[in-house]
Novice: 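Pasting a structure here, questions to come.
Note that the structure is a prediction, hence the values are computed from the model and not measured. For ligands, and for the atoms within them, numbers begin at 1 and follow the listed sequence.
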Amino acid sequence: MPPSKKTQTVFICSQCGYESRKWLGQCPDCSAWDTLSEQQQVRQKASRATSRKPESLQAVKEKETTRLVTSIHEMDRVLGGGIVPGSMILIGGDPGIGKSTLILQLLAALSGQDKQLLYVTGEESAQQIRMRAERLKIDSPHIYISTENCVESIIELARDMQPVLLAVDSIQTMYSEEIGSAPGSVTQVRESTARLLTLAKSRDLPVLLVGHVTKDGSIAGPRVLEHMVDTVLYFEGDRGQVFRIVRTVKNRFGSTNEIGVFEMKENGLAEVTNPSALFLAERPVNVPGSVVMPSIEGTRPILVEVQALVSRSSPGNARRTAIGADPQRLALLTAVLEKKLGVTLFDHDIFLNIAGGIRIDEPALDLGMVVALLSSLFEKTIDPATVVCGEVGLAGEIRAVGQMEMRLREAERLGFSTFIMPESSMRQIKGAGKKRMRCVPVRTVDGLADHLFQGE
Ligand code: TYD
Ligand code: MG
């Protein structure tokens with residue numbers, strides 16, 4: 001029995017995908033104004049005959065999955081060890097950041113395996129892809145380009161060709177014939193993805209989807225896609241800078257928050273194998289307001305430089321800006337310092353920056369921010385061979401953070417000799433580590449200054 005279809009009119013928010021039966025000026029879900037537009041929605045009722053009998057958990061056979069290893073190590077890392085057959089991977093990022101370049105390089109890396117790869121592009125012509133391939137020195141007989149925009153045709157194409165991988169660039173340019181609305185609308189993006197998802201799962205075909213990000217940072221068409229796909233990778237980094245960071249935001253087949261670091265060069269994205277060295281490359285030494293923090297991104301340690309600039313402003317107009325760190329966290333730490341150290345900051349502008357365009361989310365950054373702020377405020381430098389990390393609580397207490405051994409090893413590898421850390425984290429460091437590096441335990445922000453500006 002074929003599935004029955006019913007069309008109905010709904011109003012969908014272009015920001016978050018919220019659905020309403022009637023028009024509303026403001027979206028009740030994401031609070032955006034004037035984002036609901038009228039669309040036709042196809043509701044498919046699955047036919048009963050296809051429903052499957054439940055089976056016992058014990059009886060479910062474990063399937064052996066061989067991941068497609070791309071041999072671009074930074075990519076394999078963010079994917080959790082390669083591409084899982086039948087998985088759907090969404091690559092999001094600002095226009096011009098390098099998504100299409102990455103896709104082409106991925107396909108090239110996989111093309112050595114003598115199997116066909118299908119690259120569907122709705123954004124560029126085949127000639128444009130060819131020109132990019134020449135720039136990247138990619139010349140493979142196994143990469144096939146299609147400029148088809150209709151999802152039903154793409155599915156048919158994939159069924160005939162049987163590629164080992166399908167890349168769709170971008171999902172916003174694709175449309176399904178069965179839906180009336182324009183490509184790029186929430187309904188189209190969602191329905192097209194749903195159809196491609198069925199293809200991926202039924203054929204064990206991995207599908208790479210490119211998705212543009214809107215100004216507010218959500219994938220256009222938008223976050224509605226995140227829960228449908230298996231893996232979500234985001235491109236981070238400033239277009240003005242050469243570093244590109246691919247971060248795993250969601251992964252059903254691996255850990256999240258893993259990052260891959262690349263450099264955009266004349267002939268494509270190059271892997272950065274030693275990111276710590278890269279992020280510290282331009283660090284000014286013996287300048288107030290700068291300190292190094294060993295961060296853990298996914299499963300790997302990366303040293304970053306935390307910079308702060310605290311300067312006098314007229315009271316009432318003080319600015320707080322954080323780039324690469326959470327501005328709320330900065331506000332909170334500023335308040336803690338005012339309360340616990342008695343310093344006045346309400347009449348100071350505070351700027352905080354993580355050098356190199358990387359974003360750090362973990363609480364261990366707190367102590368790095370606090371130290372950089374104090375260093376700039378007091379105009380005193382931090383010993384350049386010192387690293388700091390730890391979470392700071394509202395009472396000014398410095399709390400333990402995880403993976404201290406790993407952080408210590410990375411700091412040691414890059415030539416640092418002193419590690420200022422939460423007292424309660426000291427026991428995580430084994431005896432050998434303590435011998436290799438001077439570990440300074442701190443308990444509260446009050447006592448911090450004594451350790452920071454020693455010998456001055
Ligand atoms: P692209 O992959 O087209 O971005 P997206 O698909 O995310 O929109 O990359 C575009 C930018 O990258 C463009 O500004 C040029 C730059 N670029 C290089 O610097 N080197 C290269 O080898 C390539 C192919 C692009
Ligand atoms: Mg592109």
Novice: Quick one: nearest non-hydrogen protein atom to atom 22 (O) of ligand 1, plus distance?
Specialist: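 The answer is G268 N, 2.7 Å.
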
Novice: Any salt bridge between R359 and E236, counting N to O under 4.0 Å?
Specialist: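 Here R359 pairs with E236 in a salt bridge, since their nearest N and O are under 4.0 Å apart.
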
Novice: Side chain, backbone, both or neither: which applies to K99 and ligand 1 if a contact is any heavy-atom pair less than 4.0 Å apart?
Specialist: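 Both backbone and side chain of K99 come within 4.0 Å of ligand 1.
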
Novice: In terms of side-chain geometry, is the basic nitrogen of R77 or E271 positioned less than 4.0 Å from the acidic oxygen of its partner?
Specialist: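 Not counted as a salt bridge, because no side-chain N and carboxylate O are separated by less than 4.0 Å.
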
Novice: Would you name the heavy atoms of L280 and V292 that are closest together and state the gap between them?
Specialist: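 Heavy atoms only, the tightest pair is CD2-CG2, 3.9 Å.
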
Novice: Looking at atom 8 (O) of ligand 1, what's its closest protein heavy atom, distance included?
Specialist: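 For atom 8 (O) of ligand 1, the nearest protein heavy atom comes out as G96 N, 2.7 Å.
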
Novice: Would you kindly specify which portion of N267 sits under 4.0 Å from ligand 1, judged on non-hydrogen atoms: side chain, backbone, both or neither?
Specialist: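 Contact part for N267 vs ligand 1: backbone (N, CA, C, O).
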
Novice: Salt bridge or not for R132 and E123, using N-O below 4.0 Å?
Specialist: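 Looking at E123 together with R132, the answer is no, because their closest N to O distance does not fall below 4.0 Å.
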
Novice: Is any N, O or S atom of T101 under 2.8 Å away from the Mg ion (ligand 2)?
Specialist: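 No - counting backbone and side chain alike, T101 has no N, O or S atom under 2.8 Å.
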
Novice: Are the charged groups of E297 and R300 less than 4.0 angstrom apart, N to O?
Specialist: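 Result for this pair is no, no salt bridge flagged.
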
Novice: Please determine if L136 has a nitrogen or oxygen closer than 3.5 Å to a nitrogen or oxygen of ligand 1.
Specialist: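 No, since none of the N or O atoms of L136 sits under 3.5 Å from an N or O of ligand 1.
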
Novice: Pairs of nitrogen or oxygen atoms closer than 3.5 Å, one from P95 and one from ligand 1: do any exist?
Specialist: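 No - when backbone and side-chain N and O of P95 are compared with those of ligand 1, no distance drops under 3.5 Å.
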
Novice: Looking at atom 12 (O) of ligand 1, what's its closest protein heavy atom, distance included?
Specialist: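 Protein heavy atom with the smallest distance to atom 12 (O) of ligand 1: M264 CE, 3.3 Å.
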
Novice: Where is the nearest protein heavy atom to atom 4 (O) of ligand 1: which residue, which atom, and how far?
Specialist: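 Scanning the protein heavy atoms, the shortest distance from atom 4 (O) of ligand 1 goes to G98 N, 3.1 Å.
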
Novice: Can R283 and E305 be counted as an ion pair, charged N to O under 4.0 angstrom?
Specialist: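 Answer for the salt bridge query: no.
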
Novice: Nearest protein heavy-atom contact for atom 20 (N) of ligand 1: which residue, which atom, what distance?
Specialist: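 Checked against all protein heavy atoms, atom 20 (N) of ligand 1 sits closest to K265 O, 2.7 Å.
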
Novice: Name the closest protein heavy atom to atom 3 (O) of ligand 1, giving the residue it belongs to and the distance to 0.1 Å.
Specialist: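 Looking only at protein heavy atoms, the one closest to atom 3 (O) of ligand 1 is R132 NH2, 2.8 Å.
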
Novice: When you measure from the side chain of S375 to the backbone N and O of V371, does any donor-acceptor pair fall under 3.5 Å?
Specialist: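 No, the answer is negative, given that no donor and acceptor are paired below the 3.5 Å cut-off.
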
Novice: Is any side-chain heavy atom of S176 closer than 4.5 Å to a side-chain heavy atom of E152?
Specialist: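 Counting from C-beta outward, S176 and E152 do come under 4.5 Å.
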
Novice: Heavy atoms, side chains only, cut-off 4.5 Å: are V151 and E191 in contact?
Specialist: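 No, their side chains stay 4.5 Å or more apart.
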
Novice: Which residue holds the protein heavy atom closest to atom 24 (C) of ligand 1, what is that atom called, and what is the gap in Å?
Specialist: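 Scanning the protein heavy atoms, the shortest distance from atom 24 (C) of ligand 1 goes to T101 OG1, 3.6 Å.
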
Novice: Ligand 1 versus S100, non-hydrogen atoms closer than 4.0 Å: side chain, backbone, both, neither?
Specialist: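 Under 4.0 Å from ligand 1, S100 contributes backbone and side-chain atoms.
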
Novice: Which residue holds the protein heavy atom closest to atom 18 (C) of ligand 1, what is that atom called, and what is the gap in Å?
Specialist: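 So the nearest neighbour among protein heavy atoms is R135 NH2, 3.3 Å.
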
Novice: Select one of side chain, backbone, both or neither to describe which atoms of E266 lie under 4.0 Å from any atom of ligand 1, heavy atoms only.
Specialist: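 Only the backbone of E266 comes within reach of ligand 1.
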
Novice: Mind listing the closest non-hydrogen atom pair of F235 and R244 along with its distance?
Specialist: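 Result for this residue pair: CE2-CB, 3.7 Å.
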
